[in-house]
Structures are given as C-alpha cells and as structure tokens.
Amino acid sequence: MHEYFIVQNILRTIEDLIKDYPGKRITKAVFLIGKFSGVEPDLLKTALDFFKKGSPLEDAEIVFELEDLKIRCLDCGKEAVKEKWNMICPFCGSLNTEVISGEEMFLKTLEIEEN
Amino acid sequence: MCKECGCGVTNDSDKKALEVFEDILKYNKFQARHNREHFEEYKVYAINLMSAPGSGKTTLLEKTLDFLKDKYRIGVIEGDLETEKDAERIRQKGIPVYQITTGSACHLDASLIHKAMHHLPLDKIDFLFVENIGNLVCPANYELGTHLNVTLLSVPEGEDKPEKYPLIFKVSDVVIINKIDLLPYFDFNLDKVKEDIKKIRPDAYIIALSAKTGEGLDNWISFIENKFNEYRKKLA
C-alpha cells in the first residue's frame, strides 16, 4: 500500500518537471533508493509499472540504483558501510556518528527525447 | 550508447539527460514545514504518536490527558482506517478532537494533518497530540511537522521489533516501552531493547512505563512538560 503513495509522489514530481519540456518524451528515469529508505525496490517497481500507464513515464525504462547505508564517525572520522541499521562505529565503537547515505529516495535523472 | 555510463545519451542523439536529484517525498516535506509554521504561529506544541496496532497509543493518550487537562489546553487529531471509536473515547473528556479516517491509507501525511488542524481551535490549544495510524512501517516516511516523534513499543510485541523495524525507531525522538506490568510474563529483556534502540537512534529518549497501572507515567509527563516549557521559552 505504502509503495502506491510513493508512486503518486514520483508521478507528481515528474509531471512538474516535464512541464518545462513540452512535446518531449521520457525514455528513461533513474532513481536512487537508499537500502534503508523504508521502501522495497521490488514492490516499488511493480507499483510503478502498474500506475505509470497513461502518465509521462508510460514508455520510460525504469532504473533503480540502490545506495548502501553509510555512516561517518564524528570521533575517529572514518566511514563505514552498514548491513543493518546500527549507528555504532565499527572502528572505535562510538555512537557519535551520522548517516551519509542509505536513507534517500531521489529521482536522479530523466532521459528525454523529441516526440 | 554512451561508453562512460551506458546512458543512451550521446552527442549525436536526440536524447537529453536531465540531472534532476529531486527528493521524491519533497511535497510532504514542504507541507510538514508549513504545518510547523502554523503550530508556531499559535504556539502549539505538537506530538506525533506512532506504534503498531494495539501497543496502547489511545490508552496512553487518555492517561496523559487526565494528567494535563487541568493545567493545559489540549487538542487531538486521531488517525484511523475506520470508525470514530478512538475519537469518541477522547471526546468524552471534553477535549476538541478531529478524526481523520483514511479508509485504506496506512499512514497520516502532512497534508492530512494540515486539513485536520484547521478544524481545531488552534488559538486555544497548548498541546496537540496526533495519534497516527497503527502501523510500524509506513508512518516513518512521512514527516507531519510535529515537534516530537514518539513511538510506542509494547512488551507483548516482542524484543526484536527495533531490529526488525528500524526506520520508525530512527525517526523517533522518544521511544516508550509500554505495558511493563507484563514483563514477568514475556521474554522481553528491557536492557537489551534499550541498547538496540540506542544503536539505531543514539539520542532517543527511552521511557519504560505502563499506561494501565500508571507506573513510569510521571517520567513521560514531566518529559513533555519540560519540552513544552523549553518550546514556549524559545518562542517568547
């Protein structure tokens, strides 16, 4: 259910963007999805394939690029990729860390061509 | 096809790649920011209560209202798929409540909160409680513009929930472990759960309580009263 609302947001984003390119066709849309963004890429793909009919994305190839959860330690300065959501620095054990990536849900690029 | 990245866009093609980098949830984020402005205009302190169904959000809310209602002016936004039952429980206390029935939607979003808040007398409210849809997954993605995100985890749900549903704990400023009167009957290691939550959200404030017996409730009440006082001081 949740993925459907994400799709609505995607289509709205794209409809807003495409206003500046009248008469153009979208051939490809690339999304950047954090592995810990809370959205399941497979489900999102299914929902998007279903709901894109009749939208500017209808003929577009949909590509998902998955982004690892990466944290930076503010004490030792090192960066680490995490498989689980766990903010502990694997190098020094500090909890004084910040997320660099892995939470995002972005429309990265649109490829468009003349009709 | 482009040799560098395989994007299908080359100099001689009629295709054009637009670097967009738009946040897919930006509309909700804009709306959440707008909601926050409304709250601050009326000096309303807004609290978003999230949890799985049956964790005790409504019971906690009722008990909280009993503690606060003689001292503060309170408003409530209730989110439910169907029925006005929760709203009715609150309304009986003489507190203004607006019910959002989402039908099939699994979460509240900022635009629903915006519509709801304009049905409440914001100029006569100090604390606004939002009871989100019972769901440990979807509400985590939708900021509402509230000042404090609170997630309840009740003992019978099991100690593995923070590890299984990290996102909702990640977005929570406060985690309430509810139904601690049931601790003797469940394999629920309170210290381990607190540790697991800290791994996900190191600065989360964790309160163990039983909304039913009232044990630990004073910690919760004094926490939100302090937050409220800080908020009002900041706005003054």
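These numbers come from the heavy atoms of this one structure, side chains and all, not from hydrogens, waters or symmetry mates. In the text below, chain A, chain B and the rest are named by the order of the sequence lines, each starting its count at 1.
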In terms of heavy-atom pairs under 4.5 Å, which option from B:R201, B:K199, B:E19 contacts chain A the most? B:K199
Quick check on the 6.0 Å ring-centre criterion: do A:Y4 and A:F51 meet it? yes
Distance flag, aromatic centroids of B:F223 and B:Y205, threshold under 6.0 Å: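 When the ring centroids of B:Y205 and B:F223 are compared, they turn out to be within the sub-6.0 Å range.
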Salt bridge or not for [X] and [Y], using N-O below 4.0 Å?
{"X": "B:K16", "Y": "A:E113", "value": "no"}
{"X": "A:K52", "Y": "A:E58", "value": "no"}
{"X": "B:K198", "Y": "B:D196", "value": "no"}
{"X": "B:E41", "Y": "B:R36", "value": "no"}
{"X": "B:E22", "Y": "B:K26", "value": "yes"}

The interface call for B:N141 against chain A, heavy-atom contacts under 4.5 Å, is side chain
Name the region of B:F169, side chain, backbone, both or neither, that has any atom closer than 4.5 Å to a heavy atom of chain A. neither
Residue selection (most heavy-atom pairs with chain B, distance under 4.5 Å) from A:I14, A:T97, A:N86: A:N86
With chain B as the partner chain, list the residues of residues 59-70 of chain A whose heavy atoms fall under 4.5 Å from it, by residue number, and write 'none' if nothing qualifies. none
Would you please go through residues 34-47 of chain A and name the residues with a non-hydrogen atom below 4.5 Å from one of chain B, in numerical order?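 Counting heavy atoms that sit under 4.5 Å from chain B, the residues of residues 34-47 of chain A involved are A:F36, A:S37, A:G38.
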How far apart are the closest heavy atoms of [X] and [Y], and which atoms are they?
{"X": "B:P139", "Y": "B:M50", "value": "CB-SD, 3.9 Å"}
{"X": "B:V20", "Y": "A:L110", "value": "CG2-N, 3.9 Å"}
{"X": "B:N28", "Y": "B:E143", "value": "ND2-O, 2.9 Å"}

Quick one: what part of [X] sits under 4.5 Å from any heavy atom of chain B, side chain, backbone, both or neither?
{"X": "A:L32", "value": "side chain"}
{"X": "A:V30", "value": "neither"}
{"X": "A:K108", "value": "both"}
{"X": "A:L17", "value": "side chain"}
{"X": "A:T13", "value": "both"}

For B:F30, which residues count as a ring pair (Phe, Tyr, Trp, His ring centres under 6.0 Å) partner, sequence neighbours excluded? none
Could you check whether A:S94 and A:D75, counting side-chain N and O atoms only, form a donor-acceptor pair closer than 3.5 Å? yes
With sequence neighbours excluded, what pairs up with B:S222 under the side chain to side chain donor-acceptor pair (under 3.5 Å) test? none
Mind checking the CG-CD1 spacing from B:D109 to B:I133? Nearest 0.5 Å is all I need.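 With rounding to 0.5 Å, CG (B:D109) is 10.0 Å from CD1 (B:I133).
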